Amino acid sequence: MVKSDEKVYPPPDDVVSSAHIQGKEYSELYRQSIENPDVFWSLQANKLLTWNKKWRSDTAICAYNFDTSLGPINIRWFEGSELNLCYNAVDRHVEAGYGDRVAFYWEGNDVEQDGKMTYQELQNLVCQISNYLKSVGIKKGDDVTIYMPMIPELPAAMLACARIGAVHSVVFAGFSAESLASRIQDSKPRLVVTATGSKRGPKEIPLKPIVDEALDICSKQGHMVEKCLVYDHHQAVSKESVNFHSGRDVWWQDAVLTQSTSCPVERMDAEAPLFKLYTSGSTGKPKAVLHTTAGYAVGAAATFKYVFDYKPGDIYWCTADCGWITGHSYVTYGPLFSCASQVLFEGVPTWPDAGRCWQIVDKLKVTIFYTAPTAIRALNAKGDSYVTKYSRSSLRLLGSVGEPINPEAWRWYYEVVGNSRCPIMDTWWQTETGAHMITPLVGSTPLKPGSATLPFFGVEPCICDEKGNEIHGEGEGLLMIKRPWPSIMRTVAGNHDRFEKTYFGMFKGMYFTGDGCRRDSDGYYWIIGRVDDVINVSGHRIGTAEVESALVGHPACAEAAVVPVEHAIKGQAIYAFVTLMEGYSHPPQDPTLKEALIGAVRKAIGAIATPDFIHWAPGLPKTRSGKIMRRILRKIAGKEEESLGDISTLADPSVVETLIALRENS
Ligand code: PRX
């Protein structure tokens with residue numbers, strides 16, 4: 001981490017003069033957004049979106065309670081208003097004469113695979129999907145699960161749900177059948193949308209068989225999904241290679257493309273549920289983060305426009321998958337609200353080689369490029385020549401999201417990828433926040449590599465010590481937010497109690513982010529990382545409890561404790577301490593056991609949760625009351641035993657030495 005007195009990168013003059021928010025305008029608007037949110041957000045909401053009915057003007061634009069001692073937590077924005085997000089993302093642009101503008105430039109996994117979809121074509125497709133959904137009885141408020149690769153049909157399916165008022169729940173198509181099943185089981189959709197499969201790098205990834213397995217699990221647990229809509233993505237996996245369950249399965253090409261291309265939009269209330277997105281927490285199963293309509297739309301639209309400084313003519317590319325929040329707010333919704341043309345990429349940045357992103361940037365003249373530090377580090381490791389081989393002269397702005405970006409990676413991104421010309425927007429936010437929270441604005445914020453810089457409009461962060469006392473000025477502690485912003489999640493679907501405990505149970509009257517943070521003397525925020533039992537692997541959140549429960553599900557495993565360990569590319573990797581059942585030695589005789597345990601995690605969660613290390617542990621460091629001391633395990637995993645601290649409170653301090661001795665055998 002750099003100190004605040006190290007090199008600062010002021011916004012270049014030419015960037016400032018053309019930016020939406022210039023110089024001191026940021027601080028003035030920020031002050032207004034905090035002191036007079038009604039004026040600030042009314043103006044933005046009017047400017048950014050088209051409303052069927054405006055919000056009430058006789059009450060505050062946001063009604064909320066953030067304090068559990070005063071009653072249930074509740075947050076309502078733009079009350080009384082009505083709008084439809086699909087209309088805002090698609091139809092209004094066609095009506096305004098932009099039907100021929102490209103909405104998606106699709107780049108397939110293999111270099112020769114590509115395609116385009118205009119706003120008019122997107123409108124036609126969205127209407128056809130909506131009509132199909134309606135024909136099978138899906139209506140306002142119903143859940144639909146989507147498990148698809150990054151093809152235009154994925155955002156189109158999300159928008160079709162929004163059009164008719166159905167609630168989409170996109171599950172990242174890298175999650176295993178068991179993970180998918182537990183999400184389906186939780187939201188109980190009548191319909192699942194999928195594709196035959198995908199191709200990523202050299203690998204074919206059949207998706208339909210995973211859905212078949214998930215639906216089998218669900219039916220055994222009592223939930224029958226009635227319809228499975230399958231897109232034949234023949235460029236990746238052929239129709240012939242997957243099973244078809246007649247009665248339940250329907251081919252997209254037959255059922256959707258035969259529908260009418262016009263379909264009315266539903267008027268949606270401001271607080272109507274828009275989508276659920278499952279994310280990992282420190283305990284239990286992943287939770288269904290629920291976002292609603294008006295506030296989410298204003299948050300996504302405002303941040304997209306101001307943070308990326310979007311202007312007509314830009315070609316925007318966010319590499320995130322729609323299975324994550326970044327793909328919701330900055331692929332499906334934010335860019336389309338602005339009528340942007342964007343790249344959808346189904347492949348991986350290193351296929352066929354590490355120059356793929358820059359080949360696409362040159363081919364499509366990408367101006368705004370948004371990715372994750374893990375991708376930046378992976379590409380950096382392959383060497384500069386893959387980058388410098390391409391011109392990249394179209395780029396004007398870069399973005400980063402998902403985890404703290406280390407200053408070395410920042411500098412490489414800035415100097416090599418951006419030729420020291422393109423400011424980097426390091427955007428800190430979360431699934432729960434719906435939109436960017438702490439981020440530079442290109443025309444007004446001097447950049448410091450490694451800092452997400454300053455709060456976005458309407459966001460009032462605060463840093464607290466462990467007792468909940470606010471730290472003013474410089475300092476380090478827990479990152480809290482003092483008041484709601486439009487795109488804050490409204491609840492954990494089906495479990496409001498968990499919502500209140502997780503986010504409002506830490507300190508009275510404030511939202512707890514789960515992150516540690518430092519504020520420097522310039523008021524810049526430096527995110528340190530999660531302070532709860534969540535591991536950030538390549539920008540993806542994995543709950544230690546989920547991995548532990550997958551390991552313990554294996555018959556040989558008696559107990560498991562999972563901690564993060566630093567990783568040069570992924571940021572953090574998963575490190576698992578495993579105690580085997582009676583009768584096993586540590587390490588075990590059976591050389592295949594390690595792979596079997598790793599396999600159990602991949603089966604329960606998916607490849608993204610693969611532990612990098614299994615450390616055989618005849619015993620775990622526990623307090624006398626039986627609580628595992630993860631602090632000690634983190635030190636052992638990180639080979640930092642010289643700073644173990646006090647271990648005298650352990651029930652059996654000798655386990656520490658045993659574990660250190662066994663590290664080399666694991
Ligand atoms: O720890 C923070 C980290 O990612 C967490 C949120 O993860 P998720 O809900 O999966 O959303 C990821 C994409 C928004 C945060 O609690 N994080 C995200 N962005 C940054 C970050 N940490 C540091 N800097 C960032 N720019």
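Both counts, for ligands and for their atoms, begin at 1 and track the order of listing. This structure is a prediction, so every number in the text was calculated from the model and none was measured.
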query = Do Phe304 and Tyr310 have ring centres separated by under 6.0 Å?
reply = yes

key: Residues lining ligand 1 [heavy-atom distance under 4.0 Å, listed by chain and residue number]   = Ile325, Thr326, Val401, Gly402, Glu403, Pro404, Asp426, Thr427, Trp428, Trp429, Gln430, Thr431, Asp515, Ile527, Arg530, Asn536, Arg541

task = Could you tell me if the ring centre of His436 sits under 6.0 Å from that of Phe457?
result = no

query = For Glu548 and Ala560, which heavy atoms make the closest approach, and how far apart are they?
reply = CG-O, 3.5 Å

request  = For residues Tyr316 and Tyr330, establish whether the separation of their ring centroids is below 6.0 Å.
outcome  = no

query = Is the count of non-hydrogen atoms from other residues, nucleotides or ligands lying under 6.0 Å from Glu466 atom CD greater than 12?
reply = no

inquiry  = Within this structure, what is the CD-CD1 distance for the pair Glu178 and Ile605, rounded to the nearest 0.5 Å?
reply    = 9.5 Å

